[in-house]
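We name chains A, B, ... by the order of the sequence lines, and we start the count at 1 in each one.
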Number of protein chains: 2
Amino acid sequence: MIGCDDPAEPGKVGLTTAASDEAEFLRRYDAARYEKPSFTVDLVIFTVRDEHLHVLLVKRAEHPFKGCWALPGGFLDPRRDASVDACAARKLIQETGVRAPYLEQLKTYGSRDRDPRGWTATTVYFALMASESVRLLGNQAEASWVGVRGDQVDFELAFDHAQILADAVERLRSKLEYTHIAVHLLPEEFTLPELQRTYEIILQQPLDKSSFRRRVIQADMLEELTGKQRDGFGRPAQLYRFRDYGRRTFFPRSISRHAR
Amino acid sequence: MIGCDDPAEPGKVGLTTAASDEAEFLRRYDAARYEKPSFTVDLVIFTVRDEHLHVLLVKRAEHPFKGCWALPGGFLDPRRDASVDACAARKLIQETGVRAPYLEQLKTYGSRDRDPRGWTATTVYFALMASESVRLLGNQAEASWVGVRGDQVDFELAFDHAQILADAVERLRSKLEYTHIAVHLLPEEFTLPELQRTYEIILQQPLDKSSFRRRVIQADMLEELTGKQRDGFGRPAQLYRFRDYGRRTFFPRSISRHAR
DNA sequence: AGTGTATAGTTGCTTTTTACAACTAAAAGA
DNA sequence: TCTTTTAGTTGTAAAAAGCAACTATACACT
């Protein structure tokens with residue numbers, strides 16, 4: 001049968017014995033280590049303010065692209081970051097002070113020419129948060145919320161960040177079609193009209209009220225806060241809270257429902 | 001904190017002169033540069049054979065996990081690979097000789113302890129191909145198609161590859177629900193019963209014939225090869241070919257169709 | 001040729017889900 | 001009280017999916 005006949009001992013990292021094939025391996029490993037690409041983590045942090053989708057950008061203080069706006073992020077620190085996810089969470093807190101609204105890995109971009117300094121790879125995460133919950137910390141760099149038009153901002157971005165932003169917007173829109181993801185763009189307690197407005201802003205089209213409510217409520221991911229309402233101009237709206245058990249989607253009929 | 005400031009010179013590396021009275025920042029930057037995580041690319045290559053989903057695995061010839069089965073992959077080579085995508089394509093050809101059936105980035109896994117040698121990150125791709133089109137090249141390593149049961153194989157895998165495989169299977173299943181992706185598991189010309197059978201094998205449940213046909217055909221991504229049929233026991237089946245304009249899904253009603 | 005059987009493909013009806021529009025409800029202000 | 005504004009519901013028609021029975025076309029066997 002097939003098994004692992006030689007489990008490595010974690011912690012003991014190889015330089016020990018003089019087994020010749022192991023030595024050869026280490027030689028090649030060392031060589032490879034010198035030619036590793038640089039590895040960074042970048043963030044696409046979205047929020048909705050003033051009836052528009054916004055993304056958090058920072059102004060670069062150093063070369064390359066000095067003075068240019070870019071997605072926040074930077075080198076992963078192997079001593080500090082136990083994992084790529086942890087690195088992303090750390091950078092998110094650094095920038096926004098917010099611990100865990102919604103953070104999901106988007107994609108990894110890596111090539112020889114995306115950075116003039118040479119081969120780099122960046123793993124990009126996208127985060128959603130309520131604009132109220134954020135106080136920009138912007139460590140040394142100038143940071144700002146920037147409105148997104150279509151799938152881009154009004155000016156040039158550093159590196160391939162324009163493409164990354166476009167991909168992130170596409171992913172956001174596509175996830176909106178079948179998940180409750182937009183709740184993370186609102187405060188913890190919100191009303192259905194607010195949620196619908198958020199969808200409309202991001203999808204850039206009006207939605208039918210009764211269909212929207214039916215779909216969102218039938219998925220059974222919202223908890224009604226009985227008694228609590230939000231006042232406004234007209235009739236007060238019922239408050240809800242998101243509860244995340246299971247990963248139900250909006251589609252009652254996926255293809256597997258053809259089952260007989 | 002380490003920012004994306006100084007250009008790294010890819011040739012001139014790290015162990016240089018010790019701490020002169022340079023800035024604390026530079027000292028830590030050099031240290032970090034020396035401690036870049038290792039970067040690899042791994043592949044989850046799927047095919048359907050003998051009425052079951054199979055994945056391509058290789059037996060590791062080196063430490064760690066020597067003798068253990070693992071996903072094919074390895075270090076990215078910055079001199080050879082212009083991009084991460086190119087690296088994945090190169091490794092795919094190395095293993096299977098197949099150029100471009102279907103190759104999509106899955107996710108990046110990186111942490112301090114997924115490899116006993118230290119901090120590593122791996123960007124994983126998943127590929128689909130028709131089993132007929134493959135001749136295993138298995139360079140130096142022993143390679144084999146292995147049946148997938150549920151979302152795993154019957155034995156232990158190296159590193160965190162069991163988790164990666166499970167994630168890949170989940171992604172494959174979920175994409176099957178709303179795309180034509182399964183056509184890449186079949187030869188270029190195929191029949192609707194063959195396609196339906198492929199769906200059933202991967203989703204692990206029987207589907208209704210007329211609903212399946214309606215859905216697949218209405219999405220209008222299949223070209224009927226008039227005149228050509230595939231013979232078998234009973235009535236011959238019509239041959240089709242996949243044509244990939246647009247990215248229509250199986251869902252005629254996404255949430256944005258609520259538009260008014 | 002005639003019959004059985006195996007697989008491919010279609011059709012018709014029922015049920016479920018959605019779209020759309022009109023309706024009621026609850027607040028504020030004149 | 002009446003108008004305005006926003007929230008939320010209901011009823012109906014249309015669309016899509018589920019389900020089952022039907023037809024079609026091949027081969028094998030007698």
[options]: which one has an atom nearest the side-chain heavy atoms of [X]?
X: Ser211(A); options: dA19(C), dG9(C), dA6(C); result: dA19(C)
X: Ser210(B); options: dT18(C), dT11(C), dT9(D); result: dT11(C)
X: Phe233(A); options: dC19(D), dA8(C), dT6(D); result: dT6(D)

Quickly work out the [X] [atom1] to [N] [atom2] distance and round it to whole Å.
X: Arg215(A); N: dA15(D); atom1: CZ; atom2: C1'; answer: 13 Å
X: Arg213(B); N: dA20(D); atom1: CZ; atom2: P; answer: 19 Å
X: Ile217(B); N: dG9(C); atom1: CD1; atom2: P; answer: 9 Å
X: Asp208(A); N: dT18(C); atom1: CG; atom2: P; answer: 12 Å
X: Gln196(B); N: dG18(D); atom1: CD; atom2: C1'; answer: 14 Å
X: Glu200(B); N: dT7(C); atom1: CD; atom2: C1'; answer: 14 Å
X: Gln218(A); N: dT18(C); atom1: CD; atom2: P; answer: 7 Å
X: Leu222(B); N: dA8(C); atom1: CG; atom2: C1'; answer: 16 Å

Using Watson-Crick or G-U wobble pairs with both distances under 3.5 Å, give me DNA chain D in dot-bracket, 5' to 3', with [ ] for crossers and | for pairs to another strand. ||||||||||||||||||||||||||||||
For [X] and [Y], does a side-chain donor sit closer than 3.5 Å to a side-chain acceptor?
X: Thr122(A); Y: Thr40(A); value: yes
X: Tyr102(B); Y: Glu104(B); value: yes
X: Tyr109(A); Y: Asp42(A); value: no

With a 4.0 Å cut-off, would you call [X] and [Y] a salt bridge?
X: Arg197(A); Y: Glu200(A); result: yes
X: Arg173(A); Y: Asp151(A); result: no
X: Glu189(A); Y: Arg241(A); result: yes

Find which nucleotide of DNA chain D each of Gly234(A) and Pro193(A) is nearest to by heavy atoms, and output the residue with the more 5' nucleotide.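 The residue mapped nearer the 5' terminus is Gly234(A).
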Residue closer to the 5' end of DNA chain D, Arg214(A) versus Glu194(A) (nearest nucleotide):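 Final value for this comparison: Glu194(A).
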Any base atoms under 4.0 Å from Thr191(A), or only sugar-phosphate, or nothing? Heavy atoms, all strands.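 The answer is nothing, as Thr191(A) stays clear of every strand by at least 4.0 Å.
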Check Arg171(B) against Gln105(B) and note the closest heavy-atom contact, atom names and distance.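 Shortest heavy-atom separation between Arg171(B) and Gln105(B) comes out as NH2-O, 2.9 Å.
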Contacts to DNA chain D from residues 235-243 of chain B, heavy-atom cutoff under 4.0 Å, which residues?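 When residues 235-243 of chain B is checked for heavy atoms under 4.0 Å from DNA chain D, the hits, listed by number, are Arg235(B), Pro236(B).
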Is Gln218(A) reaching over with its side chain to a backbone N or O of Arg215(A), donor-acceptor style, under 3.5 angstrom?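 Not a single qualifying donor-acceptor pair exists.
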Ring-ring centroid check Phe190(A) Tyr240(A), cutoff 6.0 Å: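 No - the distance between ring centres of Phe190(A) and Tyr240(A) does not fall below the 6.0 Å cut-off.
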